[in-house]
Each structure stands twice: as structure tokens, then as C-alpha cells.
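Remarks on the structure that follows.
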Amino acid sequence: QLQLVESGGGLVQPGGSLRLSCTASGFTLDDYAIGWFRQAPGKEREGVSCLDPSNTDTYYADSVKGRFTISRDYARKTVYLQMNSLSTDDTAVYYCAADKSSPTSQVMCVFRISDYWGQGTQVTVSS
């Protein structure tokens with residue numbers, strides 16, 4: 001069964017950090033663009049950060065630039081999202097995704113294109 005499984009969410013105070021992980025099961029991520037998306041209550045799902053298969057083309061939403069970092073470990077089939085300087089606006093369910101056809105990381109994130117989605121992990125930023 002092909003799936004993505006996220007972990008690492010939780011409750012953190014404003015200004016704190018979290019690292020989300022997403023591990024692929026049943027397939028490798030070598031040929032896939034990968035991405036992290038989030039959805040807050042009452043809002044549409046938005047692309048936070050995406051990375052092309054060669055790890056050379058990276059997209060970050062303006063709201064997270066300079067604070068979040070996306071990365072992948074090919075051997076572990078795992079994608080990471082390091083989140084620093086978190087604020088209450090970052091509270092959302094975070095989803096990882098993998099897509100084989102997006103021509104750029106920006107296309108994947110902006111148009112929310114993905115072949116596979118994880119089940120989501122809750123991130124709550126609150127004092």
C-alpha cells in the first residue's frame with residue numbers, strides 16, 4: 001500500500017520550533033516532488049513549501065520564508081519541515097504530499113497538485 005505518514009506535530013509556544021517528518025511507505029521519493037501543505041479551520045489548504053525531485057528548486061510561501069526549511073533524506077524515504085519562530089498564525093493541520101508530474105516546486109505548491117497525501121498532523125501554537 002502506497003502511503004505517506006506524518007509525525008512531529010504538537011503544541012508549542014509562540015517563538016518555539018517543531019520539526020515535522022513524513023515517511024513514504026510502499027514507494028520511494030526519488031522521482032517525486034515533495035511538499036508540505038497546511039489547512040487552518042475555515043481556510044483553504046495552502047502550499048507551505050515544495051521541493052523538486054533533484055532538491056534544486058525550492059518554493060516557500062511568503063508567510064514562512066526565513067522561518068521554515070524543507071529537506072529530504074532519500075535513504076530514509078523521509079521528508080522534513082523544520083519550523084522555527086512559530087506564531088499563532090501557523091496553527092493548522094499540516095499535510096505532506098508527493099507528486100511525480102509537477103514541472104516546478106512552485107506549481108506543486110500554488111496549485112496544490114499531488115499524487116499522494118498524508119493523513120495530516122496537527123500543529124498548535126499557543127501560550
Euclidean distance, Phe37 CZ relative to Leu81 CG, rounded to 0.5 Å: 11.5 Å
message: Whether the Asn84 and Ser17 side chains hold a donor-acceptor pair (N or O, under 3.5 Å, no angle test) is what I'd like checked.
response: yes
query: Would a distance-only check, ignoring hydrogens and angles, find a side-chain to backbone donor-acceptor pair under 3.5 Å from Glu6 to Ser21?
result: no
query: Taking all atoms of both residues into account, what is the closest heavy-atom pair of Cys109 and Ser49, and its distance?
result: SG-C, 3.3 Å
query: Going by heavy atoms in the side chains, are Ser87 and Pro14 under 4.5 Å from each other?
result: no
- prompt: At what distance, to the nearest 0.5 angstrom, does OG of Ser101 lie from CG of Asp31?
  reply: 12.5 Å
query: Quick one: does Thr69's side chain have a donor or acceptor within less than 3.5 Å of a partner on Gln82's backbone?
result: no
- prompt: How far apart are the C-alpha atoms of Leu86 and Gln13, what are their side-chain angles, what is the distance that settles it, and do they pass the side chain to side chain contact (heavy atoms under 4.5 Å, CB included) test?
  reply: CA-CA 8 Å; Leu86 286 162; Gln13 292 188 341; over 6 Å; no
- prompt: Is the Lys NZ or Arg CZ of Arg19 less than 6.0 Å from the centre of Tyr80's six-membered ring, within 45° of the axis?
  reply: yes
query: Do side-chain atoms of Asp115 reach the backbone of Lys100 as a donor and acceptor pair under 3.5 angstrom?
result: yes
query: Is there side-chain contact between Tyr60 and Val48, with at least one heavy-atom pair below 4.5 Å?
result: no
message: So that I can tick it off, tell me whether Arg67 and Asp90 are bridged by a salt bridge, with the cut-off set at under 4.0 angstrom between side-chain N and carboxylate O.
response: yes
field: Gap between atom CD1 of Ile34 and atom SG of Cys50 - 0.5 Å precision
entry: 8.5 Å
Rounded distance (nearest 0.5 Å) linking atom CG of Leu51 with atom OG1 of Thr58: 4.5 Å
- prompt: Can you tell if the side chain of Trp36 reaches within under 4.5 Å of the side chain of Ile70, non-hydrogen atoms only?
  reply: yes
Distance (rounded to the nearest 0.5 Å) between Asp52 CG and Ser105 OG: 6.5 Å
Ile113 reachable from Val110 in the ILVMFWY side-chain graph, under 4.5 Å edges: yes
- prompt: Does the side chain of Ser126 come under 3.5 Å of the side chain of Thr124 through a donor N or O and an acceptor N or O?
  reply: no
query: Can any side-chain N or O of Ser102 pair as donor or acceptor with the backbone N or O of Thr104 at less than 3.5 Å?
result: no
- prompt: So do the side chains of Ser63 and Arg38 get within less than 4.5 Å of each other, counting heavy atoms only?
  reply: yes
Any side-chain heavy-atom pair of Thr121 and Val93 under 4.5 Å: no
task: Using the rule that two of Ile, Leu, Val, Met, Phe, Trp, Tyr join whenever any of their side-chain heavy atoms come within less than 4.5 Å, decide whether Trp117 and Leu2 are in one cluster.
output: no
N/O donor-acceptor pair under 3.5 Å between Gln39 side chain and Ala92 backbone: no
message: Using only atom types and a distance under 3.5 Å, with no angle test, would you say the side chain of Arg112 pairs donor to acceptor with the backbone of Arg45?
response: yes
- prompt: Does a side-chain heavy-atom distance below 4.5 Å link Leu4 with Tyr95?
  reply: no
query: Thr23: what forms a side-chain contact (heavy atoms from CB on, under 4.5 Å) with it, not counting sequence neighbours?
result: Thr78
statement: Rounded to the nearest 0.5 Å, the CZ atom of Phe27 sits from the OH atom of Tyr32 at a distance of 5.5 Å
- request: For the residue pair Met83 and Val123, establish whether any side-chain heavy-atom pair is separated by less than 4.5 Å.
  value: yes
- prompt: Can you name the closest pair of heavy atoms from Thr91 and Gln122 and give their distance?
  reply: CG2-NE2, 4.1 Å
